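Structure first, then comments.
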Amino acid sequence: MATIQTLKARQILDSRGTPTVEVDCLLSDGSFGRAAVPSGASTGKHEAVELRDGDSKRFGGKGVLKAVSHVHTLIAKSVEGKGFDQRSLDAALIALDGTPNKSKLGANATLGVSLAFARASAVQSKQPLYRYFNGLLSRKREMCMPIPMVLVLEGGKHADDSSDFQEFMVMPVGAPSFTEGLRWSDEIYQAIAKVLKKEGFNINVGFEGAYGPNLGSNTKVMEVILAGIEAAGYRPGKDVGIALDAAASEFFADGKYRLEREKRTLTSAELTDFYAAWVEKYSLVSLEDGLAEDDWEGWKILQGRLGKKVQIVGDDLFVTNVERLKKGIAEQAANSILIKLNQIGTVTETVDAVEMAHAAGFTAVVSHRSGETEDSSIADLVVGLGTGQIKTGATSRTDRVCKYNQLLRIEEELGAKAKYVSPF
Ligand code: PGA
Ligand code: ZN
């Protein structure tokens with residue numbers, strides 16, 4: 001049991017220049033942990049509440065001083081001077097909040113405290129953070145290095161005037177190690193810049209460090225990626241698979257999906273046909289949020305049609321929430337969950353979501369948010385929980401690269417014990 005001496009929170013800036021919460025946790029033996037909270041743009045409507053001040057005179061209403069003050073008052077008062085492990089601290093935060101979606105304290109306040117405590121506790125127990133996370137699992141699971149989903153092109157809400165879909169990623173499934181997989185992915189990222197420039201497109205980057213030109217059609221994006229993979233000397237479908245986060249809630253209205261670039265409005269079944277064609281043609285191995293967050297019937301069609309061949313990942317659909325995941329498992333609406341700590345607001349609830357997914361035979365992909373900080377906890381989280389996959393943006397911009405760099409360090413530290421195995 002670790003006794004919390006003091007909690008100190010502050011408002012800092014994230015990678016978009018938007019305020020976010022950072023928390024320092026000091027334990028009574030002097031062990032110290034600091035954590036910063038990320039923030040989404042294409043936020044799912046069922047996510048836990050990110051508390052913002054709403055004071056239009058400061059940061060356009062996006063300040064987080066209320067959440068900071070909740071750490072210093074309500075939370076500090078109830079936990080300082082007391083002993084906890086991760087689960088009992090998170091249970092105390094959930095009870096203190098008392099709402100189903102952390103709307104009283106703010107998930108940005110609870111996650112800041114939960115994650116800072118995790119870091120301090122890892123220091124106290126003289127373990128690297130990834131090993132501490134591994135110890136939180138209720139069923140033993142071997143740690144492993146993740147296959148990265150490296151972002152190469154972005155659109156949707158993450159880049160102006162680009163493609164309809166949000167994230168186009170490469171997965172070095174055939175690489176022998178994380179370190180090599182990252183090299184392959186970066187070589188592809190650099191090769192794609194050359195392909196784009198040669199064809200007269202700009203290489204300005206979006207929120208997560210990837211290129212976001214207007215290529216005219218969604219299909220053209222896939223063509224450019226294939227060209228980049230080949231130009232870098234890798235074989236699409238063998239060495240490298242393509243992963244897509246459509247973020248379909250963002251182009252869903254009145255029961256239909258509007259693909260502006262294609263000038264088409266599609267039903268769930270028609271959009272599923274569209275994806276099925278991409279699976280055949282472009283080695284699409286993973287499809288996240290192919291449909292909207294409440295289109296459960298559509299998800300069942302999608303999973304039924306493609307789930308045997310393709311990883312069908314629920315992000316806005318599940319929001320790292322065991323209640324929604326339970327429904328998705330029972331209804332066979334997907335075969336994978338995206339894991340974002342701030343969608344649910346504590347470390348323990350995140351671990352529980354991963355364990356529920358694994359018990360049901362689902363895969364789990366640990367993820368960043370489009371607004372990030374220099375906090376690289378998710379690198380340790382993915383190794384500790386042994387989920388085997390991470391998406392954390394392009395191989396550019398420090399808010400993205402800091403996670404990959406931490407994974408390089410972890411792989412070096414684990415040495416021969418570092419397993420890197422394709423989930424497909
Ligand atoms: P967000 O995007 O952080 O803007 O929600 C990431 C994702 O949709 O996976
Ligand atoms: Zn997503």
Side-chain angles (χ1 to χ4, degrees), residues 14-18 20 36-50 52 62 107-108 111 146 148-160 162-169 171 205-210 212 242-252 257 275 284 286-295 299 302 310-321 324-325 328 333-345 350 353 357 363-373 375 377-378 381-382 387 389-394 397 399-400 403:
D14 74 11
S15 55
R16 279 194 283 254
T18 304
T20 191
V37 178
S39 171
S42 61
T43 311
K45 79 168 180 247
H46 302 287
E47 294 192 20
V49 172
E50 180 183 82
R52 300 262 171 212
K62 292 192 169 170
N108 39 359
L111 180 61
M149 287 180 175
V150 175
L151 191 69
V152 288
L153 280 122
E154 57 187 311
K157 261 199 167 175
H158 287 185
D160 281 341
S162 183
S163 48
D164 293 313
F165 303 135
Q166 186 174 281
E167 296 167 25
F168 295 83
M169 296 163 281
M171 295 187 75
V205 301
F207 288 158
E208 299 173 347
I242 296 179
L244 176 69
D245 177 6
S249 304
E250 302 298 331
F251 53 85
F252 181 71
Y257 295 88
Y275 295 134
L284 189 67
S286 179
L287 172 60
E288 178 187 332
D289 281 0
L291 297 171
E293 57 206 340
D294 288 318
D295 185 5
W299 276 89
L302 178 67
V310 181
Q311 179 169 260
I312 303 293
V313 190
D315 171 13
D316 292 355
L317 179 72
F318 294 140
V319 292
T320 316
N321 180 316
R324 290 186 67 88
L325 176 60
N335 58 29
S336 181
I337 180 174
L338 200 78
I339 296 293
K340 291 168 167 168
L341 287 151
N342 81 320
Q343 281 182 327
I344 193 70
T350 305
T363 55
V365 181
V366 170
S367 173
H368 66 157
R369 299 307 305 247
S370 50
E372 270 292 337
T373 68
D375 189 305
S377 305
I378 59 168
L381 188 74
V382 73
T387 82
Q389 297 178 69
I390 190 169
K391 72 163 196 176
T392 184
R397 307 293 162 197
D399 40 308
R400 311 298 142 184
K403 281 71 162 175

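Here the structure is a predicted model, which means the values were calculated and not measured. We count ligands from 1, going down the list as the structure has it; atoms in each ligand are counted the same way.
- The protein heavy atom nearest to atom 5 (O) of ligand 1 is Arg369 NH2, 2.7 Å.
- For the ligand labelled ligand 1, residue Ala247 lies outside the 4.0 Å heavy-atom shell.
- With ligand atoms numbered from 1 in the order given, ligand 1 contributes 9 (O) to contacts under 4.0 Å with heavy atoms of Leu338.
- In plain terms, the two heavy atoms of Ser42 and Arg369 that are nearest each other are O-NH2, 4.5 Å.
- Residue contact check: Glu167 has heavy atoms under 4.0 Å from atoms 2 (O), 6 (C), 7 (C), 8 (O), 9 (O) of ligand 1.
- Nearest protein heavy-atom neighbour of atom 9 (O) of ligand 1: Lys391 NZ, 2.6 Å.
- Heavy-atom minimum distance, Ala246 versus Gly290: CB-CA, 4.1 Å.
- When Ser370, Gly371, Gly393 are checked for heavy-atom proximity to atom 1 (P) of ligand 1, Ser370 turns out nearest.
- Salt bridge Glu288/Lys391: present, at least one basic N to carboxylate O contact under 4.0 Å.
- Near Gly40, meaning under 4.0 Å from one of its heavy atoms, ligand 1 places the atoms 1 (P), 3 (O), 4 (O), 5 (O).
- The shell of residues lying under 4.0 angstrom from ligand 1, judged by heavy atoms, includes Glu288.
- The distance from ligand 1 to the heavy atoms of Asp315 drops below 4.0 Å at these ligand atoms: 7 (C), 8 (O), 9 (O).
- With a heavy-atom cut-off of 4.0 Å, Lys157 does not touch ligand 1 at all.
- Summary: OD2 is the N/O/S atom of Asp245 found nearest to the Zn ion (ligand 2).
- For Ala107 against Ala48, the heavy-atom pair with the smallest separation is CB-CB, 3.6 Å.
- Residue His368 comes nearest to Gly393 through the heavy atom pair CE1-N, 3.2 Å, listed as atom of the first residue, atom of the second, then distance.
- Using bins of under 30°, 30° to 60° and over 60° for the plane-to-plane angle, the ring pair Phe251/Tyr257 lands in the perpendicular bin.
- For atom 7 (C) of ligand 1, the choice among Lys340, Glu372, His368 with the nearest heavy atom turns out to be Lys340.
- Of all protein heavy atoms, the one lying nearest to atom 2 (O) of ligand 1 is His158 CE1, 3.2 Å.
- For the side-chain contact (heavy atoms from CB on, under 4.5 Å) with Asp289, the lone residue among Ile312, Leu244, Asp316 that qualifies is Asp316.
- Each of the following atoms of ligand 1 lies closer than 4.0 Å to a heavy atom of Asp245: 7 (C), 8 (O), 9 (O).
- Contact record, Thr373 with Lys403: O-NZ, 2.9 Å, taken as the closest heavy-atom pair.
- When OD2 of Asp315 and OE2 of Glu288 are joined through the Zn ion (ligand 2), the resulting angle is 90° to the nearest 10°.
- For atom 8 (O) of ligand 1, the nearest protein heavy atom (residue, atom name, distance) is Gln166 NE2, 2.9 Å.
- Counting all heavy atoms, side chain and backbone alike, Ser370 lies closest to Ala41 at OG-N, 3.1 Å.
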